[in-house]
Amino acid sequence: MHIQDNISLKDYNTFGIDVTAKHFVSVSALDELIAVLKLDQYQNKLILGGGSNMLLTKPVDALVIHINIKGKSVLSNQNNSVLIKAQAGENWHEFVLWTLEHNYGGLENMSLIPGNVGTAPIQNIGAYGVELKDHFVSCQALNLETLELETFTKHNCQFGYRNSIFKHGAKGKYIIVSVVFELTTTNHVLRTNYGAITSQLEAMHVVTPTIQTISQAVIAIRESKLPNPKEIGNSGSFFKNPVILNSEFELLKQNFPNIPSYPVSETEVKIPAGWLIETAGFKGKTFGNYGVHKNQALVLVNYGGAKGQDILELSQLIQKTIYRIFNISIEAEVNIL
C-alpha cells in the first residue's frame, strides 16, 4: 500500500480528463482497503472504480482510493444454474467474456459496457433489453461507518432504471467489494429482439444464435456507434432515456410523428434520449476539442485536452435545449464531481 501525492487522474477516468488528486492509493485486497479507510489524517476520501461513469470538473482535494480487488469464483453449479462471485476490481467486459468462455449465459447483451464489476450495481447497468438486476443475486459491501461487510440482496438494492439504493439511501455509505450473479449453463434464454441485434446477426450470417454470437453482435453494434475510450475520451451514454406519461407522448406525436418509444408500464413510455439530442441538432457537433459523437448523440466526447467543466456546460446546454423543444427533462447518467 503506497500513498502518492499530486497524481493525475487522466488514466483513471474514461473521459481522459486531466485533473490532479491531492492523494492517491490503489488497493488490491479487502484488508488494504480497510487499513486505508482507517487513516484519520485523510479526512476526505473518494472511492474510484473503473472511472467510466464520472466527469471530473476540478482537482480532487481528497485521498482517492482506487478499488483494484480482483478475482472470480464459482460458488455453485447445478440444475442449469451457476452462481458466480466476482470481485469489485474486475473489468466488466472482461468478466462478461470470461462467463461466455465457460458457456455461462445471461450477460452477453451487456458486452463492452465500460467500467468495473463493483460499480455495476450502483447504476444497475443495462443494454439491449437486459439489466444487471436480471442476473444479480447479492453483493457484499463495506459499511464505511462500521468497516464491517454487509450483504445486499436484490430486494435490498431497490433496483430501478439506471438506479439503486447506492445512488440514494445508501449513497456514500458503502463500498461494494464483490457481486454474485446467477447465470445459466444450458437452455440459455436468448434476447435478440432489442435494437439491431437481429439484423446484425443476419449480417454475420448467423442462423442459430448462441450467447457467444449475441455477444459478438452486441460488440459489433457498440463499436460501430460508440467511440473506444482508449482512443476518444467518453463515458458511454451521458444521459438517461427519459420516461414520460402516455398522455405526454401522444401530445408529442402531434408535432413529432416519428418519435420512437418503448413501453415501460401501462401508463408510461421510455423515449430514446439519443433521438431527442439528434433531432435537436447536436449529433456530431464539435466545440473545439470536445463535442457530441458523430455516430451516437448520447455520447459526449473529449477529443483531447478538454476540461471537465467544458463538457459539463455542453451537457447543460443540451438539457436546456431538449426541454425547450420537447418539454422533456433528461438526466445525466454520469456522476459529476
Side-chain angles (χ1 to χ4, degrees), residues 14 49-53 72 81-139 154 157 159-164 166-167 176 178-185 188-201 204 206 209-229 234-241 262 270 272-274 296 298-299 333-334:
T14 59
S52 64
N53 197 41
K72 302 177 289 287
S81 171
V82 60
L83 294 184
I84 306 291
K85 184 176 186 178
Q87 301 297 321
E90 288 288 336
N91 174 273
W92 174 262
H93 178 58
E94 291 174 10
F95 170 61
V96 172
L97 294 182
W98 178 86
T99 66
L100 295 171
E101 285 169 13
H102 291 79
N103 201 40
Y104 301 148
L107 305 182
E108 55 276 0
N109 292 50
M110 294 192 284
S111 298
L112 213 61
I113 294 179
N116 286 359
V117 167
T119 49
I122 299 172
Q123 189 77 356
N124 184 25
I125 62 171
Y128 297 100
V130 179
E131 291 183 319
L132 174 127
K133 70 175 176 59
D134 300 333
H135 298 280
F136 177 95
V137 175
S138 64
C139 66
K154 185 187 294 190
C157 288
F159 287 125
Y161 172 59
R162 302 296 172 268
N163 213 343
S164 73
F166 299 107
K167 293 184 78 173
I176 296 171
S178 65
V179 184
V180 177
F181 299 90
E182 182 175 16
L183 306 176
T184 52
T185 53
H188 303 303
V189 178
L190 305 182
R191 295 176 177 86
T192 61
N193 59 348
Y194 197 99
I197 293 180
T198 301
S199 55
Q200 180 62 39
L201 288 168
M204 292 162 53
V206 174
T210 64
I211 55 175
Q212 290 80 10
T213 55
I214 289 173
S215 171
Q216 291 163 18
V218 168
I219 290 169
I221 296 165
R222 290 183 73 95
E223 286 182 336
S224 71
K225 289 183 175 182
L226 303 172
N228 184 339
N234 74 92
S235 67
S237 299
F238 196 94
F239 299 101
K240 296 179 186 178
N241 293 320
Y262 299 95
K270 186 190 300 179
Q296 174 51 272
L298 266 182
V299 178
E333 269 193 39
V334 173

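For Ser235, the side chain to side chain contact (heavy atoms under 4.5 Å, CB included) criterion is met by Thr14, Phe15, Phe238, Val334, not counting sequence neighbours. Taking the side chain to side chain contact (heavy atoms under 4.5 Å, CB included) definition, one finds that Thr184 meets it with Asn80, His188, sequence neighbours left out. Under the side chain to side chain contact (heavy atoms under 4.5 Å, CB included) criterion, Ala120 pairs with Trp92, Ile125, Leu132, not counting sequence neighbours. Checked against ring pair (Phe, Tyr, Trp, His ring centres under 6.0 Å), Phe239 has no partners two or more places apart in sequence or in another chain. In this view, Asn53 and Gln123 satisfy the side-chain hydrogen bond (donor to acceptor under 3.5 Å, both in side chains) rule, not counting sequence neighbours. Partners of Lys85 by salt bridge (Lys or Arg N to Asp or Glu O under 4.0 Å), not counting sequence neighbours: none found. Applying the side-chain hydrogen bond (donor to acceptor under 3.5 Å, both in side chains) rule to Thr99 yields no partners; only residues at least two apart in sequence or on another chain are considered. The side-chain hydrogen bond (donor to acceptor under 3.5 Å, both in side chains) check on Glu182 picks up Ser81, with sequence neighbours excluded. By the ring pair (Phe, Tyr, Trp, His ring centres under 6.0 Å) test, Phe166 is found to be paired with Phe152, residues two or more places apart in sequence or in another chain being considered.
A heavy-atom distance below 4.5 Å is found between the side chains of Gln212 and Asn103. Here the side chains of Leu100 and Ile211 are in contact, with some heavy-atom distance below 4.5 Å. Put simply, the side chain of Leu183 reaches to within 4.5 Å of the side chain of Ile84, judged on heavy atoms.
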### Query
Asn91 and Val117: side-chain contact (heavy atoms from CB on, under 4.5 Å), yes or no, with the steps?
CA-CA 6 Å; Asn91 174 273; Val117 167; over 6 Å; no

### Task
Give the intermediate values and the outcome of side-chain contact (heavy atoms from CB on, under 4.5 Å) for residues Thr185 and Val82.
CA-CA 7 Å; Thr185 53; Val82 60; 3.8 Å; yes

### Task
Take Val130 and His135 through the test side-chain contact (heavy atoms from CB on, under 4.5 Å) and record every step on the way to the result.
CA-CA 9 Å; Val130 179; His135 298 280; 4.2 Å; yes

### Query
Given the rule in the side-chain contact (heavy atoms from CB on, under 4.5 Å) test, do Leu83 and Val137 qualify, once you have shown the distances and angles that lead to the verdict?
CA-CA 8 Å; Leu83 294 184; Val137 175; 3.9 Å; yes

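Residues in residues 100-128 take part in no salt bridge (Lys or Arg N to Asp or Glu O under 4.0 Å) pair, two or more places apart or across chains. Note on residues 125-137: pairs passing salt bridge (Lys or Arg N to Asp or Glu O under 4.0 Å), not counting sequence neighbours, are Glu131-Lys133, Glu131-Arg162.
Counting all heavy atoms, side chain and backbone alike, Ala196 lies closest to Ser199 at O-OG, 3.0 Å. Here the closest non-hydrogen pair linking Ala88 and Ile176 is CB-O, 3.2 Å. The two residues Ile122 and Ser164 come nearest to each other via the heavy atoms O-OG, 2.8 Å. Ser178 and Gln87 get closest at one heavy-atom pair: CB-OE1, 3.8 Å.
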Output a table of donor-acceptor pairs, distance under 3.5 Å, between side-chain atoms of residues 214-227 and any protein atom two or more places apart or on a different chain; print 'none' if there are none.
from   : atom 1 : to     : atom 2 : distance (Å)
Ser215 : OG     : Ser111 : OG     : 2.8
Ser224 : OG     : Ile221 : O      : 2.7

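A donor-acceptor distance shorter than 3.5 angstrom exists from the side chain of Thr198 to the backbone of Thr192, with no hydrogens or angles considered. Remark: the backbone N or O of Gly118 is not paired with any side-chain donor or acceptor of Asn116 at under 3.5 angstrom.
Between Phe136 and Phe181, the ring planes are perpendicular. Angles over 60° get that label, and only those under 30° would be called parallel. Using cut-offs of 30° and 60° for the angle between ring planes, the Trp98 and Phe95 rings count as parallel.
Both tests pass for Lys270 against the ring of Tyr161: distance under 6.0 Å to the centre and angle within 45° of the axis.
Once rounded to the nearest 0.5 Å, the distance linking CE of Met204 with CG of Leu201 reads 5.5 Å.
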